2 protein chains.
Amino acid sequence: MENEITSRIEKLISSFDVLSEAGLQAFIKILKPVNFSKKEILLAPGTKTEKIYIVLSGAVREFLINEKEEEVNLWFGFENDFVVSLAAFVSNKDSKTGFQALEELEALEICRKDLYSLYDDFHEIERLGRIITEQYFVSTESYHHDFHYLNANDRFNKLTKERPEIFQRVSLSHIASYLGITIETLSRLRAKN
Amino acid sequence: MENEITSRIEKLISSFDVLSEAGLQAFIKILKPVNFSKKEILLAPGTKTEKIYIVLSGAVREFLINEKEEEVNLWFGFENDFVVSLAAFVSNKDSKTGFQALEELEALEICRKDLYSLYDDFHEIERLGRIITEQYFVSTESYHHDFHYLNANDRFNKLTKERPEIFQRVSLSHIASYLGITIETLSRLRAKN
DNA sequence: TTAATTGTTTGATAAATGTCAAAAAAGGCT
DNA sequence: AGCCTTTTTTGACATTTATCAAACAATTAA
């Protein structure tokens with residue numbers, strides 16, 4: 001792996017503050033740089049996966065197919081985000097959701113068998129896994145809660161305020177799907193606010 | 001801890017299939033039986049927490065207070081469920097959500113400092129923590145996704161089909177709040193279906 | 001640059017859900 | 001049992017959001 005990437009990932013993993021130098025180097029060894037072109041599918045819904053990606057640059061969406069055969073966006077990932085269908089990764093069952101690159105994407109790939117063997121060898125990497133899973137849970141939970149008690153207008157306002165960069169990088173049709181509203185409703189909310 | 005409880009918790013933890021006998025016994029040592037009466041608050045929204053509970057019997061709800069000062073239910077827990085505001089537990093910040101017993105509740109309490117010291121001493125218990133966190137994530141995620149693409153009627157039907165026992169144990173007003181609809185709308189959906 | 005395609009906005013109307021009020025039903029208490 | 005309180009249902013109406021159609025704008029490709 002080239003030097004600049006190594007130093008970026010060192011910085012990212014060091015920020016969790018649980019790995020020794022040996023653990024960090026062992027972790028870096030299993031990372032494999034991969035690239036996806038715009039619109040490329042990283043994981044198709046209904047297929048199995050044994051990969052986790054860490055985004056270095058670019059944007060990705062997570063989506064599922066509903067009973068009307070429409071795609072519904074659930075999540076957007078950017079720099080330093082972890083991309084994984086956790087339910088499928090840990091159970092080895094078909095993933096309900098899929099991932100697609102929204103921009104040219106640079107990422108690091110982690111294979112399940114490599115990760116699990118590091119978990120066996122390094123208690124501290126198992127700890128890193130636990131902590132990253134906890135943070136992944138916490139970061140998605142609060143956004144999911146919004147759907148329980150905010151209407152479309154409030155969800156739109158919250159997204160505008162808390163993640164304005166999304167409107168720069170993601171098309172309105174993807175954002176509408178993510179907000180659980182139609183393109184037309186999103187257009188009207190934008191005009192109103 | 002009395003014998004019957006010990007054997008139940010042994011069975012529950014053994015089902016994860018990661019602990020040695022020594023790890024299991026160490027884990028059981030930190031569990032403290034606690035009881036809550038019906039309607040008692042386990043954790044108030046806006047307060048800190050260093051506890052995880054494992055439900056032995058009874059029912060509990062997780063809720064938050066929205067900007068109209070109304071309670072919104074987010075989750076219901078029953079036998080063998082883990083009860084924790086993970087965001088608050090891991091960050092030691094105020095919890096956005098709270099927990100309340102819906103029935104007389106028997107539970108086992110885990111203290112953060114005890115758990116973290118077991119994490120230090122037993123790699124395998126850190127692994128248990130990782131796996132339970134993953135499963136907690138997976139089980140809540142799929143239900144959260146329903147809010148992205150199902151309307152009130154479909155969410156109601158799915159709950160009726162997948163968790164019929166909830167309607168036996170939880171009042172309609174709590175279920176309506178959980179489904180993100182008014183009591184009146186729930187009443188009409190029930191009459192229609 | 002034009003033509004074709006795709007994305008966004010606007011309008012009219014329909015469907016879903018909320019609000020407020022009142023009635024009916026169910027559960028507790030003495 | 002009878003009364004009181006709480007929960008659930010029903011009705012009338014308001015609001016929010018979806019649907020369908022068309023216009024408009026922006027992007028892409030020849």
Side-chain angles (χ1 to χ4, degrees), chain A residues 37-40 59 61 63-74 76 100-104 145-160 164-193, chain B residues 37-40 59 61 63-74 76 100-104 145-160 164-193:
Chain A
S37 46
K38 190 169 174 168
K39 298 204 177 171
E40 193 171 347
R61 72 183 177 106
F63 64 100
L64 57 72
I65 311 285
N66 69 11
E67 67 290 335
K68 294 179 194 155
E69 301 288 306
E70 302 155 339
E71 293 184 0
V72 179
N73 291 140
L74 300 168
F76 298 114
Q100 182 186 35
L102 292 174
E103 304 169 356
E104 186 75 26
H145 286 170
D146 297 345
F147 277 79
H148 275 262
Y149 68 100
L150 298 181
N151 62 19
N153 186 55
D154 292 345
R155 291 200 300 277
F156 166 76
N157 282 331
K158 194 166 178 187
L159 189 67
T160 305
E165 75 285 2
I166 285 188
F167 289 88
Q168 308 308 315
R169 297 179 69 173
V170 178
S171 74
L172 293 178
S173 63
H174 280 318
I175 291 176
S177 161
Y178 173 82
L179 287 170
I181 58 181
T182 60
I183 292 172
E184 293 94 328
T185 297
L186 177 57
S187 176
R188 290 180 177 112
L189 292 177
R190 275 157 48 85
K192 197 182 74 176
N193 289 280
Chain B
S37 46
K38 190 169 174 169
K39 300 204 176 168
E40 194 172 346
R61 71 183 177 107
F63 64 99
L64 57 73
I65 311 285
N66 70 11
E67 67 290 337
K68 293 179 195 156
E69 301 288 306
E70 302 155 338
E71 294 184 359
V72 179
N73 291 141
L74 301 167
F76 297 114
Q100 183 186 35
L102 293 175
E103 303 169 357
E104 186 75 27
H145 286 170
D146 297 346
F147 277 79
H148 274 263
Y149 68 101
L150 297 181
N151 61 20
N153 187 54
D154 292 345
R155 291 200 299 277
F156 166 76
N157 283 330
K158 194 166 180 188
L159 189 67
T160 305
E165 75 284 3
I166 285 188
F167 288 87
Q168 307 309 314
R169 298 179 68 172
V170 177
S171 74
L172 291 178
S173 63
H174 281 319
I175 291 176
S177 161
Y178 173 81
L179 287 171
I181 58 181
T182 60
I183 293 173
E184 294 93 329
T185 297
L186 177 56
S187 176
R188 290 180 177 112
L189 292 177
R190 275 157 49 85
K192 198 182 72 176
N193 289 281

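Order of the sequence lines fixes the chain letters, A, B, ..., with proteins taken first and strands second; residue numbering starts at 1 for each chain. Note that the coordinates shown come from a computational prediction; the quantities given were computed from them, not determined experimentally.
- Rounding to whole angstrom units, NE2 of residue H174(A) and C1' of dT6(C) are separated by 13 Å.
- For E184(B) and L189(B), each mapped to the nucleotide of DNA chain C holding its nearest heavy atom, the one lying further toward the 5' end belongs to L189(B).
- Contact annotation: T182(A) side-chain N/O to dA18(D) OP1/OP2 distance is under 4.0 Å.
- Each of R188(B) and S173(B) was assigned the nucleotide of DNA chain D with the nearest heavy atom; the assignment lying further toward the 5' end belongs to S173(B).
- The closest side-chain heavy-atom distance from E71(A) to I65(A) is below 4.5 Å.
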Would you please test H145(A) and N66(B) for side-chain contact (heavy atoms from CB on, under 4.5 Å) and show each step?
CA-CA 11 Å; H145(A) 286 170; N66(B) 70 11; over 6 Å; no
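- The interatomic distance linking Y149(B) (OH) with dT17(D) (C1') rounds to 20 Å, in whole Å.
- Side-chain N/O atoms of T185(A) include none lying less than 4.0 angstrom from OP1 or OP2 on dT17(D).
- A cation-pi arrangement, defined by a distance under 6.0 Å to the six-membered ring centre and an angle within 45 degrees of its axis, is absent between R190(A) and F156(A).
- T182(A) places a side-chain N or O within 3.5 Å of a backbone atom of T185(A) that can act as its donor or acceptor partner.
- Here dG18(C) presents its P atom at 16 Å from CG of N153(A), a figure rounded to the nearest Å.
- In this structure, D154(B) places its CG atom 14 Å from P of dA18(D), rounding to the nearest Å.
- Counting only distance, with no hydrogens or angles, the side chain of R61(A) and the backbone of N73(A) share no donor-acceptor pair below 3.5 Å.
- When the nucleotides dT19(C), dT17(C), dT9(C) are ranked by their closest atom to the side chain of S187(A), dT9(C) comes out on top.
- Whole-Å rounding puts the L172(B) CG to dT10(D) C1' distance at 15 Å.
- In this structure, the CZ atom of R190(B) is 19 Å from the P atom of dA24(C), given to the nearest Å.
- Closest approach to the I183(A) side chain among dT17(C), dT19(D), dT9(C) is made by dT9(C) (side chain taken as heavy atoms from C-beta onward).
- Between the CG atom of L186(A) and the C1' atom of dA18(D) there is a distance of 14 Å, given to the nearest Å.
- The interatomic distance linking N66(A) (CG) with dA18(D) (P) rounds to 13 Å, in whole Å.
- Closest contact between the side chain of I181(A) and the listed nucleotides dT10(C), dA18(D), dG18(C) involves dA18(D).
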